[in-house]
There are 2 protein chains.
Amino acid sequence: MVDDEAQISRALAVNLKARGYEVDVAGSGEKALDIAARVHPDAVILDLGLPGMDGTDVVRGLRGWSSVPIIVLSVRDSERDKVAALDAGADDYVTKPFGMDELLARLRAAVRRATPASEEAIVATDHFEVDLAAKKIQKAGEDLRLTPTEWHLVEVLVRNRGKLVSQRQLLQEVWGPKYEEETNYLRVFMAQIRRKLEPDPARPRYFITEPGMGYRFIPD
Amino acid sequence: MVDDEAQISRALAVNLKARGYEVDVAGSGEKALDIAARVHPDAVILDLGLPGMDGTDVVRGLRGWSSVPIIVLSVRDSERDKVAALDAGADDYVTKPFGMDELLARLRAAVRRATPASEEAIVATDHFEVDLAAKKIQKAGEDLRLTPTEWHLVEVLVRNRGKLVSQRQLLQEVWGPKYEEETNYLRVFMAQIRRKLEPDPARPRYFITEPGMGYRFIPD
DNA sequence: GGCGGTCCTAACGCGTTCTTAACGCCTCGG
DNA sequence: CCGAGGCGTTAAGAACGCGTTAGGACCGCC
């Protein structure tokens, strides 16, 4: 949730939490982009009346790397504003004042839409098994623990199985937009991941390096 | 479009067609379900003020087999109605009267969302297969590795398949604006690419040189 | 306050990739 | 018939990227 007015965000946050949502609140656009890059929210509720950064720029900033549903809140009811926000990439535009039930319904609609019905949650290879939904990995029948960063990296690669994921994208998704140059991190963590998952870490079979480009997860 | 009032539907339909949309108009819910099943629309605009069948039932009827984006129009502004429609599976709810520009923006947002970003991007020839999305090349059933620069060059040519791509453009896209004169690079890398992909590298069949101008990729 | 776990950082050696230059061939125009 | 320019080919050195390792910073927990 992105809002600088403590009152509204407080009320909304309480309401959302009561319904079982986890809520992070950002007080500015910059903060919002920062947090979003770290926690990967399932949806974003964005108040346009922010000081500093323009609301539509926040939308564009998010859309640069994420397709997370964005619901825009605003006191401004003009068509111009609505069209601008929606065309910038927002999913919905709600004018204040609004009813809580309506917002919640629109949130449900947005989240529902964003969740593709058919997503294979379990990916198995001959040597291990990744459960994306449960965030668990099994190897040789045993549960295997990954650190949060390791898991995040594995998750991105497995979600894009078969596809080459660029270094930029990995860094951006796992560490945030400011870390796009830190290819060092990738090397360190890929080594750890391979040590835990690959049958022969020195000669990777599943987590393949494409020199100069990125990494690729290949199931059997 | 589902609407029984000829006036509104007429105005909307004209507007949509003027913007290049193809429009089918259904005057009742039953008709709407019927037409939708036949033509598989890219989006549905549904007026709730229909005689006969209830609007939310139309939504449910569509959702039974389709995930087409549904935008609901209604004169009723109560939260109850909005929540009901959205929870039935509608994607958006617009209260009449509304601005045409807003509706069009919401329509664009809905359609954009429904179109998965990842389109199948595989270009195949008799001798190899280029997957632009996964950044992968298969030749004789085997995965083939290209270096970053090689791949970049192939990518530009394949994206412009059939078309002549000038040396300037290739150099600029792959090496940057400062390298527009370095036609040497092109010769070196085209040779490498041909060695990896062409059935007879000395007599190129897919990556054709247009002397003095540039190169061209020709699929079968 | 100590401890375990996690992440960041820097440095090294190695293999790959890019750059650069040179040479011969072909085509085309004079 | 000759010369020039463009192209393909090759090879070698330079530059870069990768995997690996280890030490130190940071954080939450006991």
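Every chain is numbered from 1, with letters handed out A, B, ... down the list of sequences.
For D:dC7, the OP1/OP2 oxygens have no side-chain nitrogen or oxygen of B:T183 closer than 4.0 Å. The side chain of B:T147 places an N or O atom within less than 4.0 Å of a non-bridging phosphate oxygen (OP1 or OP2) of C:dC18. The side chain of A:Y185 places an N or O atom within less than 4.0 Å of a non-bridging phosphate oxygen (OP1 or OP2) of C:dT9. Taking only side-chain nitrogens and oxygens, A:Q192 never comes nearer than 4.0 Å to OP1 or OP2 of D:dG19. Considering only side-chain N and O atoms, A:W175 lies under 4.0 angstrom from the phosphate OP1 or OP2 of C:dC8. When the side-chain nitrogen and oxygen atoms of A:R194 are compared with OP1 and OP2 of D:dG19, one or more of them lie within a distance under 4.0 Å. Phosphate proximity of D:dG19 to A:Y215: present, with a side-chain N or O under 4.0 Å from OP1 or OP2.
Considering only the side chain of B:V188, C:dT20 comes nearest among C:dT6, C:dT20, D:dC7. Here the nucleotide nearest the side chain of A:R145, chosen from D:dG17, C:dT6, D:dG19, is C:dT6. Between D:dT20, C:dC7, D:dC7, one nucleotide has an atom nearer to the side chain of A:F189 than all others, and that is C:dC7. Closest approach to the B:N184 side chain among C:dA22, C:dT19, D:dC7 is made by C:dA22 (side chain taken as heavy atoms from C-beta onward).
The aromatic ring centres of B:F189 and B:W151 sit 6.0 Å or more apart.
In this structure, B:E210 places its CD atom 13 Å from P of C:dC28, rounding to the nearest Å.
At a threshold of 4.0 Å, the pair A:K136-A:D131 does not count as salt-bridged, since none of the basic side-chain nitrogens sits closer than that to a carboxylate oxygen. Checked for salt-bridge contact, B:K82 and B:D92 miss the test: no charged N lies under 4.0 Å from a carboxylate O. Ion pairing of B:E150 with B:K196 is present here, as a side-chain N (NZ or NE/NH1/NH2) and a carboxylate O approach within less than 4.0 Å.
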